[in-house]
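Every value quoted in this text rests on a predicted model; they were computed, and no experiment measured them. One-based numbering, in listed order, for ligands and for the atoms of each. Starting from 1, each residue takes its place in the sequence as its number.
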Amino acid sequence: MTNSTPKTMGQQFGRRSWAEPWKIKMVEPLNMSTPEQREKAMVEAGFNTFLLRSDDVYIDLLTDSGTGAMSDRQWAGMMMGDEAYAGSRNFYNLENALQTYYGYKHILPTHQGRGAEHLISQAVIKKGQYVPGNMYFTTTRLHQELAGGIFVDVIIDEAHDPVDLHPFKGNIDLVKLENLIQSKGAENIAYVSLAGTVNMAGGQPVSMENLKALRAMTDKYGIKLFLDATRMVENSLFIQEREQGYADKSIAEILKEFCGYTDGAWMSAKKDNLVNIGGWLAVNDWALFEELRNLVVVYEGLHTYGGLAGRDMEAMAIGIAESVKDEHVRSRVGQVRYLGELLTDWGIPIVQPVGGHAIFLNARAFYPHLKQIEFPAQTLAAELYLDSGIRSMERGIASAGRDAKTGDHYYPKLELTRLTIPRRVYTQAHMDVVAESVKAVYDARESTSGLKMVYEPKYLRFFQARFERL
Ligand code: F0G
C-alpha cells in the first residue's frame, strides 16, 4: 500500500462508532411541507406547537411521552391481552416486572402519569401542607396544589443556571429543605417529591449520594419520600457514568438500589417504560396502598387495570424489561448527546450538561433582545417549525403559568425550548437535519420579534394558549 492510497475514516482514526441496538422492521412515512403551508398552519395554531396537527409536522420533537416505538416483542404481547375486567393475567405480569426491576411492593396501574399523581396527592396531602421538590413539573405541581398542597422548590441553585456544569443538577439542596422543615414543622410537610431526572431543569439527574443524604434527613424528621420515576432509568445511566462506585453496576442494579431508598413512586410509563399509554403508582406501605386502592376505583378503574387495557399492561411489562438494558439506555441518551454536541460545536446556547431525554435551547440567550413577557421560548418553537416543520415545545414563562394567590405570571429563571427525542424512532440523519434547522433559526435571530398571548386557559395554559406576532 502506498502513501497516496486514500484511507477510510475508520482506518485513519481507528474510529469505533456506536449504533442503535435495533433494526427497523416497519416504517411510517413522514410528511414534507412548503414554507407557505407551514406559515398557514402556524397562524391557525395560534403560534402554539401543541395546536398543530401532526400531519403538518415533519420531525416531531414535541415530547418523548408516548411517542416511542415498541419492539416486535411488545407488539406480540399486545396480542396476548387478557381483557378480563378483574384479575387480568397481564396485570400480574406488570406487577411482577415492577417488583423485579423497581422493587416496590404494592402496585396500581393508572391511565398515565397524571392519574397516579392525582391519587397520591389526594391520599397524602392535607390542605395547607408543604410539598418540597427538586423543581416543579407542570402536572405534578398542579395535582399537589389541587389537593391543597403548597409546592416549594428545593433544588440546588445550579439547576437554575443553564451553563453550570454540575454533574447532578437534579440534586436537592439539603440546607434549603432542612430550613423549610424547621420553619414550617415536620408535621406540615406532606412528603418530599423527588424526580429523577428533572424534566424542567433539562433532564438533569439526581445522585445516589444526594438521595442517601435525603433519606437520612427525611428519616430524622419522619417525612415520607416519593419518587417521580418517569425517567429514572435514564437517571441511572448518569449515576453509572458519573458517580464513584457505580461504573461496574448495571442500570438495572442502580435503578433498584435508588428506588429502594424511597417509600413509593409514580410513573408516566409513556417515557422510560416504552409504551404509548400507561402509568403506575407503587408504594411499600400497606395502609397507604389500601387508601390508594380505594381511590383508584373512583378515578381510574378497578385496581387490576387502572384505566388500561390488558394488552397495554402486557406491552408495559415487556417494555420495562427492555428499558433497563444497558445498551438500550446508552443508545437512547447517546442520540440526545449527539444532537447536543452538534449544536454546542456551532456555539448555539443550550442547557449544559446535556440531559437524558431532550436538548433544551436557551431561548433567553438565543433572543437576548426579547423580554420574557414576549415569550422568547414560544417564539423559538414557532420559528423552528416555520423553518423546517420540526415541532418542539416551550418550557418557559407560558409553561410556568400564574401564581394561584397573586394571579401574576411566574417568571421562571429558565426560558427554554425543548427538542425532545422519542425513544427508538428517529435516526442520526434526522438529528443532523434538526441541528441544521436550529442553526438556520439561530443565524436569523436578530431579525426575530416576539409574541403576545391572546387566549389563556385557566389550567396548564401552555397546552391551549394562543399567540400572535408582536
Ligand atoms: N412527571 C414527569 C417528570 C413528566 O415529564 C410527565 C409528563 C409527567 C409526570 C406526567 O405524566 O403525561 O403520563 O400524565 N411529561 C410529558 C412531557 C407530558 O412532555 O414532558 P403523563
Atoms in ligand 1 with a heavy atom of T230 nearer than 4.0 Å: 1 (N), 2 (C), 9 (C)
Cation over ring face, R141 and Y136, 6.0 Å, 45°: yes
Top protein contact for atom 1 (N) of ligand 1, by heavy-atom distance: D228 OD2, 2.6 Å
Heavy-atom nearest neighbour in the protein, as seen from atom 10 (C) of ligand 1, with distance rounded to 0.1 Å: T139 OG1, 3.4 Å
Distance from atom 9 (C) of ligand 1 to nearest protein heavy atom, with residue and atom: E117 OE2, 3.0 Å
Reference residue E322; test salt bridge (charged side-chain N to carboxylate O under 4.0 Å, His left out); the match among R424, R73, R332: R424
Donor + acceptor pair across side chains of T344, Q352 (<3.5 Å): yes
Distance-only side-chain donor-acceptor flag, N199 / H357, under 3.5 Å: yes
Taking atom 8 (C) of ligand 1 as the reference point, the nearest protein heavy atom with its distance: F137 CE2, 3.5 Å
Short side-chain donor-acceptor distance under 3.5 Å, R38 and S33: yes
Within-shell test, H357 vs ligand 1, heavy atom, strictly < 4.0 Å: no
Residue and atom name of the nearest protein heavy atom (relative to atom 18 (C) of ligand 1), distance in Å to one decimal: K271 NZ, 3.8 Å
Test: R395 cationic atom under 6.0 Å from F462 six-membered ring centre, within 45° of axis: yes
For T63, atoms of ligand 1 separated by under 4.0 Å from a heavy atom: 17 (C), 19 (O)
R114, portion touching ligand 1 at heavy-atom distance under 4.0 Å: both
Nearest protein heavy atom with distance in Å, relative to atom 11 (O) of ligand 1: S268 CB, 3.2 Å
Mutual orientation of the aromatic rings belonging to W280 and Y102 [parallel < 30°, tilted 30-60°, perpendicular > 60°]: perpendicular
Flag for Y246-E241: side-chain donor and acceptor within less than 3.5 Å: no
Per-atom contacts of ligand 1 with K270, taking only distances under 4.0 Å to non-hydrogen atoms: 13 (O)
Taking atom 21 (P) of ligand 1 as the reference point, the nearest protein heavy atom with its distance: Q112 NE2, 3.3 Å
